[in-house]
2 protein chains.
Amino acid sequence: MRLSLDALLVLDAIERKGSFAAAAEELHRVPSAITYTVQKLEQDLGILIFDRSGHRARLTEVGTHLLKDGRYLLDAAAQLEDRVRQQATGWEPELRLAVSDLVPFSALLPLLAEFGQLTCATRLRLQREVLGGTWDALHDGRADLAIGASDQPPPGRYQRQPLGTVPFVFAVAPEHPLARHTEPIPLYVIRKYRAVAVGDTSRQLPARSLSILEGQDVLTVSTLAEKLQVQLAGLGTGYLPLSLAQPYIDNEKLVVKQVEDGKDPIALFYAWKEPQPGKALDWFIRRLKQAADAATLTY
Amino acid sequence: MRLSLDALLVLDAIERKGSFAAAAEELHRVPSAITYTVQKLEQDLGILIFDRSGHRARLTEVGTHLLKDGRYLLDAAAQLEDRVRQQATGWEPELRLAVSDLVPFSALLPLLAEFGQLTCATRLRLQREVLGGTWDALHDGRADLAIGASDQPPPGRYQRQPLGTVPFVFAVAPEHPLARHTEPIPLYVIRKYRAVAVGDTSRQLPARSLSILEGQDVLTVSTLAEKLQVQLAGLGTGYLPLSLAQPYIDNEKLVVKQVEDGKDPIALFYAWKEPQPGKALDWFIRRLKQAADAATLTY
DNA sequence: ATCTCATGTTCGAAAATCCTGAAGAAACAT
DNA sequence: ATGTTTCTTCAGGATTTTCGAACATGAGAT
């Protein structure tokens, strides 16, 4: 390893301040020490970093590139330091959130924004999951916190708290035959038309499916967004979260129909596995409880 | 900057070799030097990296994370060293290729594979462009080499070499009215139907457009793939590269029609600006010439 | 239990590295 | 020219790092 972070730090200061002398001052060193460091790095790498032909030193082409990429290194190193130091005080280096696609991204944004305000170096990793996928992600350790998990936890020790409910509407495209049917539409009629289901992202746990009537022609897609697209195109019917469907209902691209034995709002939960949460997980748990109590997250 | 690459190197060796002693041997140092480095790093970061309660030292949780992320740093540092050292010997740190979407990706793959075989640390950056976009990318320095540039160079000093030709076919969906028209179809008939054009990605240079008949209803999309989709859907007509259309012609999803004053194959070029190419650019120039001479790149 | 072996630590001395401060050369501005 | 700023050189010294030997400590073998 010929490179050293310290030397890169020196290069960075020189470039920012515009001269060896100014960099020396910033780094509380003497100019000759800067010269020494630069020359050593040049020798170690076998390259010329500065062009000394003129009065003041100018970065060579190689030097420019070295500094440009070197700054990424410095930045990454500083971030790593932060995470490591914070981990020692109880903040996780990384927190992985498995978010059900029933939770609109817009409802998540304020939380992420608030978390970003904290002076903590914990990295967030979001992954969207479908239905049971959130439990599954928790189950085999791909996630630390499930947001929008369903009512049916898999076997195992999990902590679980209610998050809110998601109302659903049965919606079809205006061209769809069911659009003109008298309400409430009986189940045996619905069964005649193709339904659209969202496939479960569960890998290990047994896959679920949302209220698909037996014997019905089913088109399975992998995300709610796709399901919406399919229903908009009139290629199938099914329930959609009201929040997702609303703009299209207003738009008259979708028609809401009352159905015999309509679907109740689905209760969503947040859940985690770790019995002794780190500070980041703890923050999210508290913040979600607060949001749930304030019913902020009922869509 | 409390972190040092050297210390990370030591941690890495310890973990790989399984003990301080073995790491010392690998690094040609004495065990006490290893102890010293580790202790210093622990002190600097204010954390415990190893758990010394047992006989042999084991990484703590923090230590594990530090090492895991630290290895990315080491790797990045090593790569940067490589690039910098190679740049000094004439290899560019990065070469940016602007590739016209008329060039099928499959024709590009062998080149990229061969380049990957070279022992050079030059990073490749590919960007797909539409039509004049390749010239444009060259023009304002977003690319170093244009592959599949058109016949009409913008003003300026560029080097240009022929690459091959792309045959076009006039194709429509089977449902399209023109699909049953007697051939050759006269221009005034074609003009009655909506054409699909690919918008130019040119930003600064004047935008071009491919043979759009004046006064015709035109739907402009931004990529060839989109144009293909539109034509497949029967929403418009136009010329497509034979290589792109062929699978759908075989499939009977597209019908080729002879047209009055049919479009000649388009000549493609590769072009660059730099009068003194670095080694990577030089390699591509030679390799493309070889491919063009062997007519490998005629589609 | 005791012995043996390997591991990691401690410590003073030696070596290498790095910084300092003064002096000097070279380019630019006035 | 003259002065100023900038970087370099160099010798000395401070600091950091390494060395090698002595020392603890746990694991496994006898």
Side-chain angles (χ1 to χ4, degrees), chain A residues 1-64 66-67 70 74 77 81, chain B residues 1-64 66-67 70 74 77 81:
Chain A
M1 187 63 38
R2 306 155 200 280
L3 225 81
S4 89
L5 292 178
D6 182 65
L8 287 177
L9 218 53
V10 169
L11 288 191
D12 172 61
I14 295 174
E15 200 274 344
R16 273 187 299 104
K17 292 292 180 174
S19 77
F20 280 36
E25 192 178 357
E26 172 173 301
L27 297 173
H28 308 295
R29 294 185 211 179
V30 105
S32 60
I34 303 298
T35 301
Y36 172 79
T37 306
V38 170
Q39 284 181 347
K40 177 158 171 18
L41 184 62
E42 287 183 323
Q43 220 172 321
D44 287 349
L45 292 176
I47 58 171
L48 270 180
I49 297 175
F50 286 95
D51 168 22
R52 275 100 161 166
S53 67
H55 174 38
R56 64 194 308 138
R58 280 201 327 269
L59 278 168
T60 60
E61 208 175 324
V62 195
T64 309
L66 173 63
L67 177 56
L74 286 176
E81 267 185 29
Chain B
M1 187 63 38
R2 307 155 200 282
L3 219 65
S4 89
L5 292 178
D6 183 64
L8 286 177
L9 217 53
V10 169
L11 288 192
D12 172 61
I14 295 174
E15 200 273 344
R16 273 186 299 103
K17 292 292 181 175
S19 78
F20 280 38
E25 193 178 357
E26 172 173 300
L27 298 172
H28 308 293
R29 296 184 209 180
V30 103
S32 61
I34 303 297
T35 300
Y36 171 82
T37 306
V38 171
Q39 285 182 347
K40 179 161 169 16
L41 184 62
E42 286 184 323
Q43 217 173 321
D44 288 348
L45 292 177
I47 59 170
L48 271 180
I49 297 174
F50 285 96
D51 167 21
R52 274 101 161 164
S53 66
H55 173 39
R56 66 193 309 136
R58 280 200 329 269
L59 278 168
T60 61
E61 207 174 327
V62 196
T64 309
L66 174 62
L67 177 56
L74 287 176
E81 268 186 26

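Please read these numbers as outputs of a predicted model, since none were measured by experiment. To find a chain, count down the sequence lines: A is the first, B the second, and so on, and within it residues start at 1.
Proximity of a side-chain donor or acceptor of A:T60 to a complementary backbone N or O of A:D51 within less than 3.5 Å is not detected. Side-chain atoms of B:R56 come within 3.5 Å of backbone N or O of B:G18 as a donor-acceptor pair. Side chain of A:E81 to backbone of B:R2: a donor-acceptor contact under 3.5 angstrom is found. No donor-acceptor pair closer than 3.5 Å links the side chain of A:E42 to the backbone N or O of A:L48.
Nearest heavy-atom pair, A:A77 versus A:L5, reported as atom, atom and distance to 0.1 Å: CB-CD1, 3.9 Å. B:E26 and B:A13 get closest at one heavy-atom pair: OE2-CB, 3.8 Å. Scanning all heavy atoms of the two residues, the minimum distance from A:A24 to A:V30 falls at CB-C, 3.9 Å.
Under 4.0 angstrom from either OP1 or OP2 of C:dG8 there lies no side-chain N or O belonging to B:Q39.
Heavy-atom contacts of chain B under 4.0 Å fall on DNA chain D between two terminal nucleotides, which in 5' to 3' order are D:dT16 to D:dA27.
Between A:V10 and A:L27 there is a side-chain heavy-atom pair separated by less than 4.5 Å. Residues A:L59 and A:E15 have side chains in contact (heavy-atom distance under 4.5 Å, counting atoms from C-beta outward). With a 4.5 Å cut-off on side-chain heavy atoms, B:F50 and B:T35 do not count as touching. In this structure, A:L66 and A:L41 have side chains that are in contact, with non-hydrogen atoms separated by less than 4.5 Å.
Taken residue by residue, residues 20-36 of chain A places heavy atoms nearer than 4.0 Å to DNA chain D at A:F20, A:A21, A:S32, A:T35. Residues from residues 3-11 of chain B placing a heavy atom under 4.0 Å of any atom in DNA chain C do not occur. Less than 4.0 Å separates DNA chain C from no heavy atom of any residue of residues 43-51 of chain B.
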Using the 3.5 Å cut-off, write out each protein N or O paired with an N or O of nucleotides 25-30 of chain C and the distance between them.
unit_1, atom_1, unit_2, atom_2, d
C:dA27, O3', A:H55, N, 3.3

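The environment of CZ in B:R16 is crowded: more than 12 heavy-atom neighbours from other residues, nucleotides or ligands sit within 6.0 Å.
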B:L8/A:M1 under side-chain contact (heavy atoms from CB on, under 4.5 Å): CA gap, chis, key distance, verdict: CA-CA 10 Å; B:L8 286 177; A:M1 187 63 38; over 6 Å; no
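Between the CD1 atom of B:I14 and the P atom of C:dT7 there is a distance of 13 Å, given to the nearest Å.
Taking the C1' atoms of five terminal pairs at each end of the helix from C:dA1-D:dT30 to C:dT30-D:dA1, the two resulting helix axes are inclined by 30°, rounded to 10°.
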